[in-house]
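Throughout, a chain's letter reflects where its sequence line sits, starting with A, and its residues are numbered from 1. As the structure is a computational prediction, the values presented were derived from the model and not from experiment.
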2 protein chains.
Amino acid sequence: MAAANVRDVAALAGVSVGTVSNVLNQSKPVAPETAKRVHEAIDKLGFVRNDAARQLRVGQSRTVGIMVLDVSNPFFTDIARSVEDTLTQFNRSLILGNSGDLASRELAYLDLFEEQRVSGLLITPVGNVLSRLERLRDRGSPVVLVDRHDNARSFSSVSVDDQRGGYLAAAHLADTGRTNIAFVGGTSQLQQVAQRSGGAQDALRERGVAPLRVLELDSMRAEAGRIGAEQLLALPASSRPDAVFAANDLIALGVLRALTHAGVRVPDDIAIIGYDDIYFAANAAIPISSIRQPAWEMGRTATELLMAEIEAPGRGEYQHVVFQPELIVRDSTVRSAD
Amino acid sequence: MAAANVRDVAALAGVSVGTVSNVLNQSKPVAPETAKRVHEAIDKLGFVRNDAARQLRVGQSRTVGIMVLDVSNPFFTDIARSVEDTLTQFNRSLILGNSGDLASRELAYLDLFEEQRVSGLLITPVGNVLSRLERLRDRGSPVVLVDRHDNARSFSSVSVDDQRGGYLAAAHLADTGRTNIAFVGGTSQLQQVAQRSGGAQDALRERGVAPLRVLELDSMRAEAGRIGAEQLLALPASSRPDAVFAANDLIALGVLRALTHAGVRVPDDIAIIGYDDIYFAANAAIPISSIRQPAWEMGRTATELLMAEIEAPGRGEYQHVVFQPELIVRDSTVRSAD
DNA sequence: GAGGGATAGTGAATCGTTTTACTGAGAGTG
DNA sequence: CACTCTCAGTAAAACGATTCACTATCCCTC
């Protein structure tokens with residue numbers, strides 16, 4: 001009844017446990033005839049390797065951890081799928097953690113990853129966890145930051161130039177005649193948010209347009225967009241903005257829904273531009289202009305950087321790949337001549 | 001340099017390793033004064049429990065596996081988040097696998113879960129894996145089927161009455177005057193797909209409407225919807241359907257996009273109804289009618305069933321919870337008087 | 001004051017792999 | 001022929017936690 005172990009397999013195949021291990025891991029040559037007997041024994045007993053024992057001996061697991069800000073945001077699931085795809089080429093598997101923007105959850109997952117001795121970690125950090133990540137790295141689990149540039153330069157990172165992305169968004173709004181622009185986003189604690197609004201401010205300053213009115217909310221989900229939109233609608237008509245730059249597309253969708261629900265015409269009364277260029281924003285009630293980020297390439301590149309560190313550890317040389325964002329114009333900012 | 005282990009902690013605290021373990025797991029009472037010394041030693045050494053060793057000894061991990069059909073489908077990420085939420089109450093964590101509709105990936109993940117000796121598994125199966133699941137169960141990892149009814153009655157399951165859901169969708173289309181209805185879905189190998197189209201056929205037969213024209217595609221994503229729509233558009237005008245029932249909302253979105261792109265008016269020329277009621281379908285260019293499934297409750301219930309089996313194993317009594325779907329009518333099927 | 005509980009703590013055995021140092025048996029070489 | 005070299009395979013020692021059978025106090029009770 002108890003699950004078979006290597007000893008049982010060895011006994012049935014008439015070899016030693018060491019030989020079974022060699023067959024399993026191809027670590028040393030085994031005569032074809034012997035290997036065949038071992039495989040037959042494995043099949044007969046339904047043997048499945050106990051990964052805990054293996055890990056204990058080897059000191060490291062074969063899984064990589066990834067921690068994302070929000071699994072319900074398609075941008076992050078795209079990254080995760082890309083990572084998963086790339087990892088299968090390296091014959092490793094992925095365990096996904098969802099911090100949901102919460103520092104407490106992030107810490108709980110870091111504990112888990114550390115206890116599991118993951119072979120590496122991809123993370124978009126929320127809280128102040130750099131020292132935790134350094135410990136992880138020093139103990140043999142390399143870390144690569146995703147969608148976040150490492151200023152301290154003690155980790156490799158893959159990011160998008162968020163400053164530039166913010167600049168592109170605001171420049172587009174200003175250049176199409178908008179003069180009173182609101183930024184609706186999550187907390188500026190998030191580097192991405194701070195940089196996007198910062199880049200936008202730059203664009204407006206250059207153009208002599210009034211600075212952004214910044215609405216900070218406590219989440220990056222559609223619901224936050226609804227709340228933000230309602231705050232804007234509560235303003236006196238005279239100071240109501242004529243454009244909204246949302247920190248991501250989910251927020252943009254929430255804003256769009258709340259505004260149209262209140263009878264505001266988009267883009268005529270208020271233009272909306274989002275960030276991430278997710279499929280659903282492109283297919284929203286009014287297709288939303290957005291700043292595209294190359295999720296697929298980011299996932300692949302991050303995984304490759306991580307695997308390089310895993311396979312050749314202790315180099316202490318960290319790479320920083322920065323992708324360029326791209327402005328995608330749709331109906332939500334410009335009356336279409338379509 | 002090497003990471004500290006219980007022995008180091010014990011030495012520093014001046015106690016035995018057994019006591020350290022008791023502090024860690026609260027398995028036996030420890031004097032407060034002693035516990036304090038142990039905790040100090042843990043902090044000083046930065047000790048983190050090696051989960052592999054723990055698991056090896058205990059024979060089971062504290063993580064639960066979940067295997068979903070498609071992480072980029074919000075319906076499944078909603079379920080996953082709900083499961084994650086519920087599990088934290090039980091102090092366990094979640095490892096998420098994405099089969100992406102592919103039987104080969106599903107098998108690879110099952111291998112992983114089995115090697116890891118997960119304490120339980122939630123799965124929406126793709127391929128023919130029931131015997132694998134039975135083995136998993138017999139070896140101490142209970143399995144609960146999600147979004148799929150177990151006909152063999154050898155697992156607990158949480159599902160939605162897909163037959164009824166299909167019935168509701170088709171009945172709605174027929175009752176609003178549609179007479180030539182196409183079903184655009186993934187492979188009928190998927191139980192959900194087969195039952196949804198089956199239920200729809202029932203509704204049409206009852207009403208004396210022509211049977212569904214079924215388009216089977218190889219995926220359940222938006223791209224499949226686009227392909228399906230193009231096949232419909234290629235039909236002679238005389239036999240072109242006046243309504244589409246999509247197997248899920250992602251497909252419905254793809255269909256909607258392709259149809260409007262081709263100049264077809266929705267719902268005037270062709271009505272569209274989806275399935276799942278995801279947020280993005282409700283906020284699509286034309287808000288899409290859909291069949292709502294209670295993702296959050298499904299995740300919670302499935303987790304509770306699983307935990308019951310984990311905590312009181314070997315009962316051999318399996319429960320089958322079936323939720324009722326709900327028709328949500330939006331603009332894509334009925335001209336709105338709004 | 002002997003017996004009987006509690007209460008804290010000990011230390012060796014154990015889980016199932018991988019790995020390392022060895023052992024033989026043939027084969028090739030000077 | 002003595003020797004080194006491969007090639008296959010063996011047996012035992014790790015890895016680091018948990019647990020189980022004990023021991024040592026201390027306190028209470030009859």
Next on the checklist: Between A:Arg37 (side chain only) and A:Ala13 (backbone N and O only), is there a donor and an acceptor less than 3.5 Å apart?
Outcome noted: yes

Checklist entry - Contact class for A:Val20 (heavy atom, under 4.0 Å): base, sugar-phosphate, or nothing? => result nothing

Checklist entry - Ion pair present between B:Lys44 and B:Asp8, side-chain N to carboxylate O less than 4.0 angstrom? => result no

Checklist entry - When all nucleic acid strands are considered with a 4.0 Å heavy-atom cut-off, which category describes A:Val6: base, sugar-phosphate, or nothing? => result base

Checklist entry - Side-chain contact, heavy-atom cut-off 4.5 Å: B:Leu45 with B:Val9? => result yes

Next on the checklist: So if I apply the side-chain hydrogen bond (donor to acceptor under 3.5 Å, both in side chains) rule between B:Glu115 and each of A:Arg62, A:Gln55, A:Arg49, which one comes out positive?
Outcome noted: A:Arg49

Checklist entry - Hey, does B:Phe75 have a side-chain heavy atom less than 4.5 Å from the side chain of B:Asp147? => result yes

Checklist entry - Going by heavy atoms in the side chains, are B:Val68 and B:Asn98 under 4.5 Å from each other? => result yes

Checklist entry - Do B:Asp78 and B:Arg81 meet the salt-bridge criterion of a basic N to acidic O distance under 4.0 Å? => result yes

Checklist entry - What are the 5'-most and 3'-most nucleotides of DNA chain C lying under 4.0 Å from any heavy atom of chain B? => result C:dA8 to C:dG16

Checklist entry - Is it true that a side-chain atom of B:Gln60 and a backbone atom of B:Gly140 form a donor plus acceptor pair closer than 3.5 Å? => result yes

Item to check | side chain to side chain contact (heavy atoms under 4.5 Å, CB included) between B:Leu121 and B:Leu133, worked out | outcome: CA-CA 9 Å; B:Leu121 177 61; B:Leu133 299 181; 4.1 Å; yes

Next on the checklist: For DNA chain D, which residues of residues 25-34 of chain B approach it to below 4.0 angstrom with any heavy atom?
Outcome noted: B:Asn25, B:Lys28

Checklist entry - When you measure from every atom of DNA chain D, which of residues 37-56 of chain A have a heavy atom less than 4.0 Å away? => result A:Leu56

Checklist entry - Taking only residues at least two apart or on different chains, which pairs with a member in residues 302-311 of chain B satisfy salt bridge (charged side-chain N to carboxylate O under 4.0 Å, His left out)? => result B:Arg300-B:Glu304

Checklist entry - Out of A:Val83, A:Thr303, A:Val158, which residue meets the side-chain contact (heavy atoms from CB on, under 4.5 Å) rule with A:Met298? => result A:Val158

Item to check | Minimum side-chain heavy-atom gap A:Glu106-A:Ile123 below 4.5 Å | outcome: yes

Checklist entry - Can you give the first and last nucleotides of DNA chain D, 5' to 3', that have an atom under 4.0 Å from a heavy atom of chain A? => result D:dA8 to D:dG16

Checklist outcome for this item: Checking B:Val38, B:Thr19, B:Ile42 against B:Leu24 for side-chain contact (heavy atoms from CB on, under 4.5 Å), the one that qualifies is B:Ile42

Next on the checklist: For the CD atom on B:Glu40, are there more than 12 heavy atoms of other groups (residues, nucleotides or ligands in this structure) within a distance under 6.0 Å?
Outcome noted: yes

Checklist entry - Counting only heavy atoms not in A:Asp43, do more than 12 fall under 6.0 Å of its CG? => result yes

Next on the checklist: Need the bend value for the helix from C:dG1-D:dC30 to C:dG30-D:dC1: angle between end axes, 5 pairs each end, nearest 10°.
Outcome noted: 50°

